[in-house]
Amino acid sequence: MAARILVFAGSIRTGAYSGKTADAAMKELAEQGAEVTRISLGDYPLPIMDQDLEKEEGVPENAYRLGRLIAAHDGMLICSPEYNASIPPLLKNALDWVSRIRKDGGRPFKPFEGKVAGLCSSSDGAFAGARGLYHLRAVLMHCQVEIITPQCSIARASEAFDQDGELKEEHSKKSMATVCRTLIERASMLSTRIEG
Ligand SMILES: Cc1cc2nc3c(=O)[nH]c(=O)nc-3n(C[C@H](O)[C@H](O)[C@H](O)COP(=O)(O)O)c2cc1C
């Protein structure tokens with residue numbers, strides 16, 4: 001049974017480097033035999049987390065849509081920029097809302113529980129957005145997600161991709177392949193997906 005991996009970026013900016021990284025990850029995962037779903041967080045707009053809003057209106061339907069999609073996969077590959085060496089608000093907000101789901105259709109439901117994640121970062125700078133991934137790891141760990149150790153960080157991202165969206169540097173290709181292979185292995189081993 002092929003591992004099902006959900007791929008998304010932590011930015012919805014037009015031409016986002018993290019989107020390009022997510023596209024490269026999607027290709028690599030598929031080449032390695034995974035069944036891949038590539039989404040944009042832009043298709044799951046959410047208000048800024050506000051506990052008054054949550055109390056009055058509950059968790060928004062888009063958080064449930066995202067949560068159900070996560071639950072229907074074995075693992076996630078998240079490609080993110082760093083903002084001030086940390087997690088961009090778009091991504092943190094989405095994770096925060098999904099983390100508030102407790103039930104679906106009257107049944108206990110925690111979308112993140114038992115899931116595996118692989119992380120990639122990108123930046124036009126030399127740090128490659130890697131510092132933000134340590135914060136992302138901590139947040140996901142708190143949400144009961146297992147995060148694989150290898151990660152792939154793309155520095156000087158404006159020059160890192162060719163016209164076909166392929167990573168140019170051999171070491172980047174290698175590190176992306178390692179992330180994808182490790183994620184597929186762990187996700188297959190720990191599969192808790194809910195067939196939707
Ligand atoms: C609020 C803010 C903070 C940022 N902080 C960092 C940073 O700490 N490190 C970094 O490499 N780039 C930083 N950047 C630049 C982003 O890496 C850059 O805008 C990048 O293109 C965003 O990712 P994307 O291409 O995936 O949209 C920051 C950008 C913004 C808007």
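Counting convention: from 1, in listed order, for ligands and their atoms alike. FYI, the numbering just counts along the sequence from 1.
For ligand 1 and Ala85, the ligand atoms under 4.0 Å from any heavy atom of the residue are 7 (C), 8 (O).
For Glu82, heavy-atom contacts with ligand 1 shorter than 4.0 Å involve the backbone as well as the side chain.
A donor-acceptor pair shorter than 3.5 Å cannot be found between the side chains of Ser80 and Ser121.
Within the 4.0 Å heavy-atom shell around ligand 1 one does not find Asp124. Not a single heavy atom of Gly125 sits under 4.0 Å from any atom of ligand 1. Ligand 1 does not have Lys20 within reach: every non-hydrogen atom of the residue lies 4.0 Å or more from it.
For Glu28 and Arg181, the salt-bridge test fails: no basic side-chain N is under 4.0 Å from an acidic carboxylate O. Under 4.0 Å is where a charged nitrogen must lie from a carboxylate oxygen, and between Glu159 and Lys168 no such pair does. The pair Lys115-Glu146 fails the salt-bridge criterion, with no side-chain N (NZ, NE, NH1 or NH2) lying under 4.0 Å from an Asp/Glu carboxylate O. A salt bridge is absent between Arg100 and Asp96: the closest approach of a Lys/Arg side-chain nitrogen to an acidic carboxylate oxygen does not fall below 4.0 angstrom. In summary, Arg38 and Asp23 engage in a salt bridge, as defined by a charged side-chain N under 4.0 Å from a carboxylate O.
Residue Tyr83 has no N or O atom closer than 3.5 Å to an N or O atom of ligand 1. For a threshold of 3.5 Å applied to N or O pairs, the pair formed by Ala16 and ligand 1 contains no separation below that value. For a threshold of 3.5 Å applied to N or O pairs, the pair formed by Ser123 and ligand 1 contains at least one separation below that value.
Protein heavy atom at the shortest distance from atom 20 (C) of ligand 1 is Tyr17 CD1, 4.3 Å. Counting only heavy atoms of the protein, atom 5 (N) of ligand 1 lies nearest to Asn84 N, 2.7 Å. In terms of protein heavy atoms, atom 22 (C) of ligand 1 is closest to Pro81 CB, 3.7 Å.
You'll find the side chain of Leu167 reaches within 4.5 Å of the side chain of Met176, heavy atoms only.
Counting only residues at least two apart or in different chains, salt bridge (charged side-chain N to carboxylate O under 4.0 Å, His left out) contacts with residues 7-20 are absent.
Stacking of Arg65 on the aromatic ring of Tyr44 is recorded, both the 6.0 Å distance cut-off and the 45° axial limit being met.
Of the protein's heavy atoms, none falls inside 4.0 Å of atom 15 (C) of ligand 1. Contact annotation for atom 10 (C) of ligand 1: protein present (non-hydrogen atoms, distance under 4.0 Å). Distance check for atom 27 (O) of ligand 1: a protein heavy atom is found below 4.0 Å.
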